[in-house]
Asks: 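I am attaching a structure below and will ask some questions about it afterwards.
Whatever order the structure lists ligands and atoms in, that order sets their numbers, starting from 1. Note that this is a predicted model, so its numbers are computed, not measured.
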Amino acid sequence: MKFTLPKWYDLHAHFRQDELLPATIQSHLAMGCAGILAMPNTKPPVTRVSGKNTESYWTIESYRAELEAAGNSKLSEIIVPLYLTKETTADMIFEGAKSGLLKSCKYYPPHGTTNSEFGAPIKTYMENGVLAAMEEAGIILNIHGEEHALHGEDYFGKNSNAEDFFYRERVPQIAEKFPNLKIACEHITTKTAADFVSQASDNVVATITPQHLLYTVADLLQGLKYHLYCLPLVKFDEDRQALLGAATDTGNTKFFAGTDSAPHTHKATACGCAAGCFTGLIAPQLYAEAFNLSEQNFDAFKNFLCLNGPKFYDLPISDETFTLEKKSQEFENLKIGGQEVTLLTNGLNRPALSWSLSQND
Ligand code: NCD
Ligand code: ZN
């Protein structure tokens with residue numbers, strides 16, 4: 001069984017900096033990516049639009065140029081969202097939009113995930129004119145939808161968790177106060193989020209990662225498979241089924257691929273674990289596995305992987321193609337200098353993928 005698809009966009013991924021950057025960009029090109037949305041949680045973070053990088057902040061202009069060079073200009077589209085902080089102003093949004101460099105802004109819950117300590121609570125931007133400016137200027141809001149500073153059962157409990165809370169208490173209010181704001185709910189993991197996005201206006205969409213379509217918290221806990229530790233955490237099977245239902249529904253165009261691939265060279269430490277799964281090289285194969293790709297659901301798969309995302313971001317569909325075949329494929333971990341980034345599937349001790357990917361150029 002073989003399927004040929006247009007090259008796709010990964011509309012949520014982490015490429016970092018220094019020697020990790022070329023290696024991770026190349027792994028995205030190798031899995032048939034036409035373009036990327038590269039998250040701004042670098043060190044320092046991308047909190048300004050134009051000009052040169054400094055020691056305390058990076059700019060969209062400079063980081064984009066680095067990403068482009070690392071991909072030898074083979075990526076047709078590179079979006080870098082602006083990292084929202086207390087310092088972000090409405091004027092920065094209007095000027096950024098005018099410059100053409102600013103397409104979206106990323107909300108990070110303060111201290112909620114890897115390199116998110118510069119974020120401020122969402123209320124800040126609802127009240128200080130930043131979201132209003134984004135709504136007016138047509139700038140997309142990328143939301144990491146978890147309530148910050150929750151603990152114990154409130155953070156991850158049987159009946160609620162940080163994401164669940166955020167999609168009940170925060171995102172509906174944002175969508176109501178700023179009805180024309182385009183919102184991309186990133187890496188959703190719960191039935192609550194999937195249901196909210198499905199019933200919201202066309203301005204509200206969501207990305208879904210391969211790991212959240214394939215795995216649950218049981219897979220993380222049995223054997224403590226820490227390579228599956230990412231945020232938001234994998235949840236329960238009811239949630240996974242809701243995500244799968246949303247992703248495979250041909251009737252909607254709101255859900256699309258955003259792998260959240262995040263390279264970590266040090267995952268587990270003596271006092272905790274770095275959040276992020278690395279799915280460079282293997283993401284379309286994992287999405288195909290999650291869909292149980294067949295003639296029957298090929299259209300839904302193509303919508304999810306290749307069409308819905310570029311439609312929302314107003315990006316062209318690539319005329320280059322790649323092929324997925326139901327045939328086993330294995331990859332080595334990325335070796336960069338003396339460091340190693342473990343592929344999610346290798347970290348789960350299941351190196352043989354059930355789909356293989358080849359490029360047609
Ligand atoms: C991401 C990272 O490592 O940069 N980690 C993750 O668990 N997904 C940050 C993020 O998107 O939360
Ligand atoms: Zn991310």
Asks: Taking salt bridge (Lys or Arg N to Asp or Glu O under 4.0 Å) as the cut-off, I'd like each qualifying pair that reaches into residues 147-162, sequence neighbours left out, listed once.
Replies: E147-R170
Asks: Within the distance-only criterion (no hydrogens, no angle test), does the side chain of N252 pair as donor or acceptor with the backbone N or O of A246 below 3.5 angstrom?
Replies: yes
Asks: Are the ring centres of Y215 and Y229 closer than 6.0 Å?
Replies: no
Asks: Please verify the inter-ring angle class for H144 with Y108; under 30° counts as parallel, over 60° as perpendicular, anything in between as tilted.
Replies: tilted
Asks: Angle between ring planes, F291 versus F301, binned at 30° and 60°: parallel, tilted or perpendicular?
Replies: perpendicular
Asks: What are the atoms of ligand 1, with element, lying closer than 4.0 Å to any heavy atom of H187?
Replies: 11 (O)
Asks: With respect to T114, determine whether any N or O atom, backbone or side chain, lies less than 3.5 Å from an N or O atom of ligand 1.
Replies: yes
Asks: Under 4.0 Å from a heavy atom of H12: give me the atoms of ligand 1 that qualify, with their elements.
Replies: 11 (O)
Asks: Between N115 and ligand 1, find which residue part has any heavy-atom pair under 4.0 Å and reply side chain, backbone, both or neither.
Replies: neither
Asks: Tell me whether A262 has any N or O atom under 3.5 angstrom from an N or O of ligand 1.
Replies: no
Asks: With heavy atoms of H264 as the reference, note each atom of ligand 1 found under 4.0 Å away.
Replies: 3 (O)
Asks: Decide, counting backbone as well as side-chain atoms, whether E186 has an N, O or S atom less than 2.8 Å from the Zn ion (ligand 2).
Replies: no
Asks: Return the residue, atom name and 0.1 Å-rounded distance of the protein heavy atom closest to atom 5 (N) of ligand 1.
Replies: A275 O, 2.9 Å
Asks: Which of parallel (below 30°), tilted (30 to 60°) and perpendicular (above 60°) describes F15 and H28?
Replies: perpendicular
Asks: One residue to check: C230. Relative to ligand 1, which of side chain, backbone, both or neither has a non-hydrogen atom less than 4.0 Å away?
Replies: both
Asks: Would you call K43 and E117 a salt bridge, using N to O less than 4.0 angstrom?
Replies: no
Asks: Give the single entry among T209, T259, N41 that approaches atom 4 (O) of ligand 1 most closely by any heavy atom.
Replies: N41
Asks: Side chains of E325 and S356: do they bring a donor and an acceptor to under 3.5 Å?
Replies: no
Asks: Please report which non-hydrogen protein atom sits nearest to atom 7 (O) of ligand 1, along with the residue it belongs to and the distance in Å to one decimal place.
Replies: L231 N, 2.7 Å
Asks: Using 2.8 Å as the threshold, say whether any N, O or S atom from H14 sits that close to the Zn ion (ligand 2).
Replies: yes
Asks: May I ask you to decide if the ring planes of F3 and W355 are parallel, tilted or perpendicular, using 30° and 60° as cut-offs?
Replies: tilted
Asks: How does H144 reach ligand 1, by side chain, by backbone, by both or by neither, if only non-hydrogen atoms under 4.0 Å count?
Replies: side chain
Asks: Just go through R16, K106, E146 and tell me whose heavy atom is the nearest to atom 3 (O) of ligand 1.
Replies: R16
Asks: Within H187, is some N, O or S atom less than 2.8 Å away from the Zn ion (ligand 2)?
Replies: no
Asks: Looking at ligand 1, does E186 have a heavy atom less than 4.0 Å from it?
Replies: no
Asks: Tell me, which protein residue and heavy-atom name are nearest atom 8 (N) of ligand 1, and how many Å apart are they?
Replies: D260 OD2, 2.6 Å
Asks: I'd like to know if K191 pairs up with E238 as an ion pair, taking the criterion as any Lys NZ or Arg NE/NH1/NH2 lying under 4.0 Å from an Asp or Glu carboxylate oxygen.
Replies: no
Asks: Does this structure show an ion pair linking R240 with D237, if we count only N-O contacts that are shorter than 4.0 Å?
Replies: yes
Asks: Under 4.0 angstrom from ligand 1, any heavy atom of M39?
Replies: no
Asks: Counting from 1, what ligand 1 atoms have a heavy atom of T113 closer than 4.0 Å?
Replies: 5 (N), 6 (C), 7 (O), 9 (C), 10 (C), 12 (O)
Asks: One residue to check: Q211. Relative to ligand 1, which of side chain, backbone, both or neither has a non-hydrogen atom less than 4.0 Å away?
Replies: neither
Asks: S62 side chain to G51 main-chain N or O, any donor-acceptor pair under 3.5 Å?
Replies: yes
Asks: Name the orientation class of the two ring planes belonging to W58 and Y63 (parallel below 30°, tilted from 30 to 60°, perpendicular beyond 60°).
Replies: tilted
Asks: What N, O or S atom of D260 is found closest to the Zn ion (ligand 2)?
Replies: OD1
Asks: What is the nearest protein non-hydrogen atom to atom 1 (C) of ligand 1, stated with its residue, atom name and distance?
Replies: H14 NE2, 3.7 Å
